[in-house]
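Notes for the one structure printed next.
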Number of protein chains: 2
Amino acid sequence: MELSCKSEYALLALLELAACHSKGEPLQIREIAARQNIPDRYLEQLLANLRRYGLVRSQRGAKGGYLLAREPWKISLSEIFDCIEGPNPPVAETGCTTETVEKATILEAWQEAQQAAKSVLQNYTLQNLCERRDAKQQLDIMYYI
Amino acid sequence: MELSCKSEYALLALLELAACHSKGEPLQIREIAARQNIPDRYLEQLLANLRRYGLVRSQRGAKGGYLLAREPWKISLSEIFDCIEGPNPPVAETGCTTETVEKATILEAWQEAQQAAKSVLQNYTLQNLCERRDAKQQLDIMYYI
DNA sequence: ATAAACCCCATCAGCTAACCGGGGTATAAT
DNA sequence: ATTATACCCCGGTTAGCTGATGGGGTTTAT
């Protein structure tokens, strides 16, 4: 399974917001886009989505921008993926009885695997990710010397 | 993550082949397609793929068809997904150094989650799947009575 | 020889991801 | 009040993928 560009953009943006979170001032789309090299008009859509799902909040007007809606340690990666990748509720009565026994069996195994992946993502918070990034950055500096 | 139609078809076909495996005679595409309600021309392509990757073997000519290349307990679901979903080697130098520290960090977490899913699928064999299907079928009969 | 079955290649419709653009609206600063 | 800033919403475009179909070959049992 590939990590979609979309999700990567969202994660990168949230990582930036998490870094600014302590100082309480909003960060602008254009600033985030510039720092992480993301097409800004596209990022706008993604952030709008994250806002609708309550992961970030926005401030309009001059000096506006985006902020995390919660502390970075209260946002799991699982939630983020659900927001971005998730708008697929039209499952429409799937799940009740999946036509044939074979299909049901296969689906069960598949979902078990997906649940395993989700569990991992539930245990990662934005905070964790920031810390890992910082650690990586330190390592890079060490190697440079 | 959605289970692709493609993968489901392949799994269904292999499930049929596994059921016939003990009697050693090949099973025809059209027969599999009919039993599992799969477009036969499409299934043909999928089986060809599975053959190239050595999961099944084919017998040409009259009375021909497909057989599992190995015993059902020696084929993991992970392998199957790799064959079907897997033809994505054009990663092209990705993985060496993923541009920015942030991207690398994100990718790491993502891959960790994917690995968790893969582990589940590695522990499932076609045999397991057959058994679970049989168990399910018994249950259905019980309920019917 | 013939028919059954696989083999290979090409094409197509429909969908989604990624992206771009236009015009509207709220807000801070002057 | 006016203006500049920045979010907001809605739509269109393009490339690539998925699921599917069609045509014409080759192998093999009978």
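Order of the sequence lines fixes the chain letters, A, B, ..., with proteins taken first and strands second; residue numbering starts at 1 for each chain.
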**Prompt:** Judged by atom type as modelled, is there a donor-acceptor pair below 3.5 Å linking the side chain of A/D140 to the main-chain atoms of A/Q137?
**Reply:** no

**Item:** Evaluation steps, side chain to side chain contact (heavy atoms under 4.5 Å, CB included), between A/L126 and A/W73
**Value:** CA-CA 6 Å; A/L126 259 189; A/W73 56 86; over 6 Å; no

**Message:** Nearest 0.5 angstrom please: A/L11 CG to A/K6 NZ, how far?
**Reply:** 13.5 Å

**Item:** Sidechain-backbone polar pair: B/N37 side chain, B/A33 backbone, donor-acceptor under 3.5 Å
**Value:** no

**Interatomic distance where CG belongs to B/L50 and C1' belongs to C/dC6 [whole Å]** = 15 Å

**Message:** What is the distance, to the nearest angstrom, from the CD atom on B/E2 to the P atom on C/dT16?
**Reply:** 11 Å

**Message:** Just the rounded figure in Å: distance from P of C/dA18 to CG of A/N37.
**Reply:** 15 Å

**Request:** Rounded to the nearest angstrom, tell me the gap between atom CD1 in B/I38 and atom C1' in D/dA20.
**Result:** 13 Å

**Request:** Report yes or no: is there a donor-acceptor pair, N or O only, under 3.5 Å between the side chain of B/E85 and the base of D/dT18?
**Result:** no

**Request:** Examine distances only and state if a side-chain atom of A/E31 and a backbone atom of A/Q28 form a donor-acceptor pair shorter than 3.5 Å.
**Result:** no

**Message:** I'd like to check A/D82 versus A/K118 (side-chain heavy atoms, cut-off strictly below 4.5 Å). Are they in contact?
**Reply:** yes

**Request:** Give a yes/no answer on whether the side chain of A/Y42 brings an N or O atom under 4.0 Å of OP1 or OP2 in C/dA17.
**Result:** no

**Residue-level proximity of residues 12-20 of chain B to DNA chain C when a heavy atom falls under 4.0 Å** = none

**Request:** May I ask you to say whether A/E112 pairs ionically with B/R132, meaning some side-chain N is under 4.0 Å from a carboxylate O?
**Result:** yes

**Five-pair end axes of the helix from C/dA1-D/dT30 to C/dT30-D/dA1, angle between them (10°)** = 10°

**Item:** Protein-nucleotide distance (A/L43, atom CG; C/dC20, atom C1'), rounded to Å
**Value:** 14 Å

**Prompt:** Rounded to the Å, how far apart are B/D40 CG and D/dG19 C1'?
**Reply:** 14 Å

N/O to N/O distances under 3.5 Å, protein versus nucleotides 5-9 of chain D:
{"unit_1": "D/dT5", "atom_1": "O2", "unit_2": "A/A62", "atom_2": "N", "d": "3.0"}
{"unit_1": "D/dA6", "atom_1": "O4'", "unit_2": "A/G61", "atom_2": "O", "d": "3.4"}
{"unit_1": "D/dC7", "atom_1": "OP1", "unit_2": "A/I29", "atom_2": "N", "d": "2.8"}
{"unit_1": "D/dC8", "atom_1": "OP1", "unit_2": "A/R51", "atom_2": "NE", "d": "3.2"}
{"unit_1": "D/dC8", "atom_1": "OP1", "unit_2": "A/S58", "atom_2": "OG", "d": "2.6"}
{"unit_1": "D/dC8", "atom_1": "OP2", "unit_2": "A/Y66", "atom_2": "OH", "d": "2.4"}
{"unit_1": "D/dC8", "atom_1": "N4", "unit_2": "A/E44", "atom_2": "OE2", "d": "3.3"}
{"unit_1": "D/dC9", "atom_1": "OP2", "unit_2": "A/R51", "atom_2": "NH2", "d": "3.2"}
{"unit_1": "D/dC9", "atom_1": "N4", "unit_2": "A/E44", "atom_2": "OE2", "d": "3.3"}

**Request:** Tell me whether the centres of the aromatic rings in B/F81 and A/W110 are closer together than 6.0 Å.
**Result:** yes

**Asked** Is there a donor-acceptor contact under 3.5 Å from the side chain of B/E44 to the main chain of B/I29?
**Response** no

**Request:** Apply the test salt bridge (charged side-chain N to carboxylate O under 4.0 Å, His left out) to residues B/K136 and A/E102: give CA-CA distance (whole Å), side-chain angles for both, the deciding distance (0.1 Å), then the verdict.
**Result:** CA-CA 9 Å; B/K136 239 185 224 304; A/E102 282 85 4; over 6 Å; no

**Request:** Verify side chain to side chain contact (heavy atoms under 4.5 Å, CB included) between B/L15 and B/L129, making sure each step is shown before the conclusion.
**Result:** CA-CA 8 Å; B/L15 225 43; B/L129 222 54; 3.9 Å; yes

**Asked** Can you check the B/L46 CG to C/dC6 P distance for me, whole Å?
**Response** 14 Å

**Request:** Using whole Å, report how far CD of A/Q45 lies from P of C/dA17.
**Result:** 11 Å

